[in-house]
Asker: 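One structure coming up, written as structure tokens, with questions to follow.
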Amino acid sequence: MDSLRKSYNITYAKAIAIILMVVLHSGSLGYFDTVVAMFHMPLFFFMSGYCFKDKYLSMPFVFLKKRLYGLYWPFVKWGMIFLFLHNILFEVGIYSTDSGYNNYLYSMQEFLQKALGVLRFKYSEQLLGGYWFLPALFFSSLISFISIKVCTKFGINLYISAVAVLILGFVSGELFKHNMHTFGLCEKWFVAASIYLVGYIFAKYKIPVFNFWQSIVAFSVVVAGAFLWPMAMVADYYSTLKIFPYALTAILGTWAVYSWCNMLFVKDNHKLERLLRFIGDNTMTILTWHFLSFKIVSYLIASIYGLNLSIVGSHPTIRVFANQGWFVLYTVVGMFVPLGMVVLQNKLKRIIKITQI
């Protein structure tokens, strides 16, 4: 039962994180956005480290294959599909030059350059903006793997390793930033790796979950941090100078959420639990399709208010309307259209399986 609870708690936490991501993308909610950004993406890095299995230390190529299949392959597959669709999406108004982004029809040369960027794990289309997370998780997991391997071999304290990797992220970001990018590296990978390592440490040493009041105190620190040192992992809000307090609030926020998930576990057939498990098991689908799903709501808004359809190209939402309450519908559609696609896909698989019997 304990292993089942742990598995469910991780899935619940991932579900909460992906819901919060869609909410953030759906519209500007002021200070709420800042608070959520302090922990919602680090939660995925932390939980990935929390799920790391020591058996991979003796099977490095198995671990690499798992990372390639789970992160690089989806990036390339969907990156290429959305790239192929770019000009079509531009023609039908999903992309628009009138909505604040420099979108245009790609020439064959531009298409080939961007395709190379996809293969190099560096470029994704605007509608896959959340895909920055995949290379970040891929490379941070490799950095963490090497760190754990070295610590295990030489008897180095894992906490020291996590701090050292975070310091490396700071130093590389402040002193060698341009040189690192020249060699295809990114300082944020080291920050992500430090959080990944802390997740591994929490699992390895069986760090107890917070009780209710401890979780409230921890989350209060996150709320205060959002005011004192606001930061996020995405480029526009990332700051190397804030990574040390940010890492602290990211870990506290993550563990508070995980602790609340532990309190949520009651029985296997609880409707809320089943919904959260379904969401948590399909985070990649939501990450892939929620921006495009938003366009359904944008078309609806344009139709209701008699707006020029070029406004549908606003990314990710029509902000002025989203901030007036439409973010709720954006969130619902951004979540449940991708999940509906999963349900439909599963039904089609069952039908095909039956017809083949």
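Keep in mind that what you see is a predicted model, and the values were worked out from it rather than measured.
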Asker: Do the side chain of Asn211 and the main chain of Gln214 share a donor and acceptor less than 3.5 angstrom apart?
Answerer: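 Checking the backbone N and O of Gln214 against the side chain of Asn211, a donor-acceptor pair under 3.5 Å is found.
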
Asker: Does the pair Val332 and Val297 meet the rule for a side-chain contact (heavy atoms from CB on, under 4.5 Å), with working shown?
Answerer: CA-CA 10 Å; Val332 171; Val297 181; over 6 Å; no

Asker: What about Leu116 and Leu134, same hydrophobic cluster or not, with Ile/Leu/Val/Met/Phe/Trp/Tyr joined at side-chain heavy-atom distances under 4.5 Å?
Answerer: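 No, Leu116 and Leu134 fall in different hydrophobic clusters.
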
Asker: Flag the pair Trp326 / Thr317 as yes when at least one side-chain heavy-atom distance between them is below 4.5 Å, and no otherwise.
Answerer: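 In short, these two side chains do not touch, never coming nearer than 4.5 Å.
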
Asker: Indicate, with yes or no, if the rings of Phe52 and Phe63 have centres closer together than 6.0 Å.
Answerer: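 Yes, they do, as the ring centres are separated by less than 6.0 Å.
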
Asker: Indicate whether the side chain of Thr288 and that of Tyr131 have a donor and an acceptor atom separated by less than 3.5 Å.
Answerer: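 Note: Thr288 and Tyr131 side chains meet the donor-acceptor criterion.
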
Asker: Is there a donor-acceptor contact under 3.5 Å linking the side chains of Ser26 and Thr331?
Answerer: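 Judged by distance alone, the side chains do pair up.
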
Asker: Side chain of Lys295, backbone of Ser314: donor and acceptor closer than 3.5 Å?
Answerer: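 Such a contact is found between Lys295 side chain and Ser314 backbone.
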
Asker: Do Phe111 and Tyr106 have ring centres separated by under 6.0 Å?
Answerer: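 Not close enough - the centres of the two rings lie 6.0 Å or further apart.
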
Asker: For the residue pair Tyr56 and Phe145, is the inter-centroid distance of their aromatic rings smaller than 6.0 Å?
Answerer: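 Not under 6.0 Å, so no.
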
Asker: Quick check: Trp260 with Phe212 (ring centres under 6.0 Å apart)?
Answerer: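 No, the ring centres sit 6.0 Å or more apart.
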
Asker: Apply side-chain hydrogen bond (donor to acceptor under 3.5 Å, both in side chains) to the pair Ser293 and Tyr330, showing each step before the final yes or no.
Answerer: CA-CA 8 Å; Ser293 299; Tyr330 273 117; over 6 Å; no

Asker: If only atom types and distance count, is the side chain of Ser144 paired as donor or acceptor with the main-chain N or O of Ala193 below 3.5 Å?
Answerer: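 Indeed, once roles are kept as given, a pair shorter than 3.5 Å links the two residues.
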
Asker: Begin with the C-alpha distance, continue with both residues' side-chain angles, and end with the deciding distance and a verdict on ring-ring contact (aromatic ring centres under 6.0 Å, His included) for Trp132 and Tyr123.
Answerer: CA-CA 8 Å; Trp132 68 266; Tyr123 173 79; over 10 Å; no

Asker: Rounded to the nearest 0.5 Å, what separates atom CH2 in Trp189 from atom OG in Ser141?
Answerer: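 It comes to 11.0 Å.
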
Asker: Could you tell me whether a side-chain N or O of Tyr31 sits under 3.5 Å from a main-chain N or O of Val223, the two making a donor and an acceptor?
Answerer: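 Looks like yes, one N/O pair under 3.5 Å.
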
Asker: In sequence, state the C-alpha distance, the side-chain angles, and the governing distance for Tyr8 and Leu276, and then conclude on side-chain contact (heavy atoms from CB on, under 4.5 Å).
Answerer: CA-CA 9 Å; Tyr8 282 176; Leu276 286 177; over 6 Å; no

Asker: Locate the shortest heavy-atom distance separating Phe45 from Ser140; write the atom from each residue and the value.
Answerer: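 Distance-wise, the nearest heavy atoms are CD2-OG, 3.8 Å.
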
Asker: Between Ser259 and Phe210 (side chain of the first, backbone of the second, donor and acceptor by atom type, cut-off under 3.5 Å), is there such a pair?
Answerer: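 Checking the backbone N and O of Phe210 against the side chain of Ser259, a donor-acceptor pair under 3.5 Å is found.
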
Asker: Is the shortest side-chain heavy-atom distance between Leu275 and Ile279 below 4.5 Å?
Answerer: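 Yes - at least one pair of side-chain heavy atoms lies under 4.5 Å apart.
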
Asker: Less than 4.5 Å apart, any side-chain heavy atom of Ser147 and any of Leu197?
Answerer: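 Yes, at least one pair of side-chain atoms sits under 4.5 Å.
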
Asker: Do Phe321 and Tyr305 have ring centres separated by under 6.0 Å?
Answerer: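 Yes, ring centres under 6.0 Å apart.
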
Asker: Under 4.0 Å between a Lys/Arg side-chain N and an Asp/Glu carboxylate O for Asp54 and Lys204?
Answerer: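 Salt bridge: yes.
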
Asker: Side chains of Leu105 and His86: closer than 4.5 Å at any heavy-atom pair?
Answerer: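 In short, these two side chains do not touch, never coming nearer than 4.5 Å.
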
Asker: Centre of Phe44's six-membered ring, under 6.0 Å away, within 45 degrees of the axis: is that where NZ or CZ of Lys14 sits?
Answerer: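 Checked: cation-pi criterion not met.
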
Asker: Write down the atom of Tyr246, the atom of Ala37, and the distance for their closest heavy-atom approach.
Answerer: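 Smallest heavy-atom distance, with atoms named: OH-O, 3.6 Å.
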
Asker: State, with a plain yes or no, whether a side-chain heavy atom of Val257 is found less than 4.5 Å away from one of Tyr12.
Answerer: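 Not in contact.
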
Asker: Is the gap between the ring centers of Phe294 and His290 under 6.0 Å?
Answerer: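 So the answer is yes for these two rings.
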
Asker: Indicate, with yes or no, if the rings of Tyr72 and Phe121 have centres closer together than 6.0 Å.
Answerer: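 Distance test on ring centres: under 6.0 Å, yes.
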
Asker: Between Leu119 and Met108, is there shared hydrophobic-cluster membership here, with clusters defined by ILVMFWY side-chain heavy atoms closer than 4.5 Å?
Answerer: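 As far as the 4.5 Å side-chain criterion goes, Met108 and Leu119 are connected within one cluster.
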
Asker: Show your working on side-chain contact (heavy atoms from CB on, under 4.5 Å) between Val23 and Phe32 and close with a plain yes or no.
Answerer: CA-CA 10 Å; Val23 172; Phe32 174 83; 3.8 Å; yes

Asker: When the aromatic ring centroids of Phe46 and Phe39 are compared, is their separation below 6.0 Å?
Answerer: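 No.
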
Asker: Does any part of the side chain of Trp289, heavy atoms only, come nearer than 4.5 Å to the side chain of Leu127, both counted from C-beta?
Answerer: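 No, every pair of side-chain atoms sits at 4.5 Å or beyond.
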
Asker: Is a side-chain donor or acceptor of Thr249 paired with a backbone partner of Pro245 at a separation under 3.5 angstrom?
Answerer: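 It does hold such a pair.
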
Asker: What is the minimum heavy-atom distance between Met233 and Ala192, and which atoms define it?
Answerer: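 Shortest heavy-atom separation between Met233 and Ala192 comes out as CE-CB, 4.2 Å.
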
Asker: Should side-chain heavy atoms under 4.5 Å link Ile, Leu, Val, Met, Phe, Trp and Tyr, which residues sit in the same cluster as Trp73?
Answerer: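 Answer for Trp73: Tyr69.
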
Asker: Looking at every heavy atom in both Ser107 and Glu110, which two are closest together, and how far apart are they?
Answerer: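 Distance-wise, the nearest heavy atoms are N-OE1, 2.9 Å.
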
Asker: Any chance you could lay out the side-chain contact (heavy atoms from CB on, under 4.5 Å) test for Cys261 and Ile16, step after step, and finish with the verdict?
Answerer: CA-CA 9 Å; Cys261 292; Ile16 291 171; 3.7 Å; yes

Asker: Check Arg67 against Leu137 and note the closest heavy-atom contact, atom names and distance.
Answerer: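 Of all heavy-atom pairs spanning Arg67 and Leu137, the closest is NH1-CG, 4.0 Å.
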
Asker: Leu344: which other cluster members, linking ILVMFWY side chains closer than 4.5 Å, directly or transitively?
Answerer: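 Cluster partners of Leu344: Leu348.
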
Asker: Under a plain distance cut-off of 3.5 Å, with no hydrogens placed, do Ser48 and Tyr200 share a side-chain donor-acceptor pair?
Answerer: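 Ser48 and Tyr200 do not have a side-chain donor-acceptor pair below 3.5 Å.
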
Asker: Are the aromatic ring centres of Tyr95 and Tyr104 under 6.0 angstrom apart?
Answerer: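 Centroid distance Tyr95-Tyr104: not below 6.0 Å, so no.
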
Asker: Determine whether the aromatic ring centres of Trp255 and Phe202 lie less than 6.0 Å apart.
Answerer: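 That pair passes the under 6.0 Å test.
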
Asker: Between Lys149 (side chain) and Leu57 (backbone), is there a donor-acceptor pair under 3.5 Å?
Answerer: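 Yes; judged by distance alone, with no hydrogens or angles, the pair exists.
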
Asker: Answer with yes or no whether the hydrophobic clustering places Val217 together with Val35; edges join I, L, V, M, F, W, Y residues whose side-chain heavy atoms lie under 4.5 Å apart.
Answerer: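 No, because Val217 and Val35 fall into different hydrophobic clusters, even though each may have its own neighbours under 4.5 Å.
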
Asker: Counting heavy atoms not belonging to Gln109, are there more than 12 under 6.0 Å from its CD?
Answerer: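 Count not over threshold, so no.
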
Asker: With a 3.5 Å cut-off and sequence neighbours excluded, list the donor-acceptor pairs that the side chains of residues 151-171 form with protein atoms.
Answerer:
| from | atom 1 | to | atom 2 | distance (Å) |
| --- | --- | --- | --- | --- |
| Thr152 | OG1 | Ile148 | O | 2.7 |
| Asn157 | OD1 | Tyr159 | N | 2.7 |

